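For reference, the structure discussed in these notes is given below.
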Amino acid sequence: MKKIMVAFAFVQTLLTQAIAQELPKASIVLAAKSKNVTIHTLVAPDDMFANTSHVIELPHELIVVDGQFFAPYAWQLKAFTDSLKKPVTRFYISHDHPDHYIGFGDAFPNAEVYALEETKTGIEKTGLETLKQRQEQFGAIIAKTLKTPTHVQQEGKETIDGVTFLFEKSTDNEAAVSLIIKIPEVKAYIAQDIAYNKIHLFISGSTLGWRKALQQIKNESQYTLILPGHGKPTDRSVIDEDLKYLDVVDKILATTNTKAAYKSKMLAAYPNYGGVHLIDIYLGFYLKNNWQD
Ligand SMILES: [Zn+2]
């Protein structure tokens with residue numbers, strides 16, 4: 001327990017420093033552009049977990065995928081969607097991990113929020129408690145209000161504003177259940193946390209199902225634009241990079257018996273990856289490995 005507090009104190013210190021020096025801004029990148037679809041991706045800074053929100057700009061409306069962890073980035077997202085002068089008609093939450101849904105409640109109070117049934121239920125069950133915990137841990141950079149999903153997204157094909165979307169459920173990957181959104185017109189595969197782009201992957205148990213989900217993307221070679229849940233939009237090279245990362249994780253887990261040793265080996269293997277605090281958080285709270293520290 002003490003170590004958990006240390007891990008969190010460490011993250012908090014860094015965040016407090018970041019805030020004192022004025023919070024670094026998220027970057028917004030143009031991920032895709034075709035006749036009817038433009039995708040803009042907002043990516044939080046590496047030190048702030050590099051969470052993504054994708055703004056899918058259609059002829060008359062905007063669709064947003066994922067709502068950030070820290071409220072200031074959701075506000076930046078709101079300023080950006082306002083600047084496009086089209087209404088946000090659907091706000092998707094890809095899965096029920098807090099870094100994807102607790103940020104946007106204040107900035108998008110009237111959003112129509114869509115998620116898979118399991119995700120909706122999960123957030124209804126634990127969302128408020130999670131929000132409160134994070135408010136206590138991180139203070140003012142956490143949103144004051146929680147916005148829960150109001151619409152269940154079914155799997156299948158849908159045409160929105162003249163553009164074809166494919167919605168799929170993926171299970172047992174980085175999360176127990178997650179939503180995949182594909183947009184064939186721009187060859188885009190919105191993988192969210194099945195893919196991390198040069199950000200430390202969040203490990204909370206067996207990597208087997210996660211590998212399967214990556215393998216599935218590998219089988220669908222028509223999608224050349226991969227949109228991760230953490231890190232910038234990228235190409236298909238991220239699939240093998242992430243598969244290899246999981247190999248490294250499993251190898252290090254098999255040969256290590258303390259959290260400190262595990263972390264230092266991961267940092268040595270991936271010295272340039274962002275999101276180092278993610279390792280502290282999953283070692284402190286999620287990855288059960290019967291380690292002493
Ligand atoms: Zn995440």
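Ligands are counted one by one from 1 in listed order, and the atoms in each one are counted from 1 as well. Small disclaimer: the values here were computed from a predicted structure and weren't measured. Note that these values count all heavy atoms, side chains included, but never hydrogens, waters or copies made by symmetry.
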Quiz item: Does a salt bridge link Glu61 with Arg90, judged by any charged N lying under 4.0 Å from a carboxylate O?
Solution: no
Self-check item: Close side-chain approach of Leu267 and Val276, heavy atoms under 4.5 Å
Solution: yes
Quiz item: Between Asp172, Asp242, Asp240, Asp250, which is the residue that forms a salt bridge (charged side-chain N to carboxylate O under 4.0 Å, His left out) with Arg211?
Solution: Asp250
Exercise. Specify the closest pair of heavy atoms between Ile39 and Val186, including all atoms of both residues, with the distance to one decimal.
Key: CD1-CG2, 3.9 Å
Quiz prompt | Nearby protein N/O/S atoms (those under 2.8 Å) for the Zn ion (ligand 1), with water ignored | solution = Asp99 OD2, His100 NE2, Asp193 OD2, His230 NE2
Quiz item: Are any of the side-chain heavy atoms of Ile194 and Glu174 separated by less than 4.5 Å?
Solution: no
Practice problem: Report yes if the distance between the aromatic ring centroids of Tyr196 and Tyr273 is under 6.0 Å, otherwise no. | Solution: no
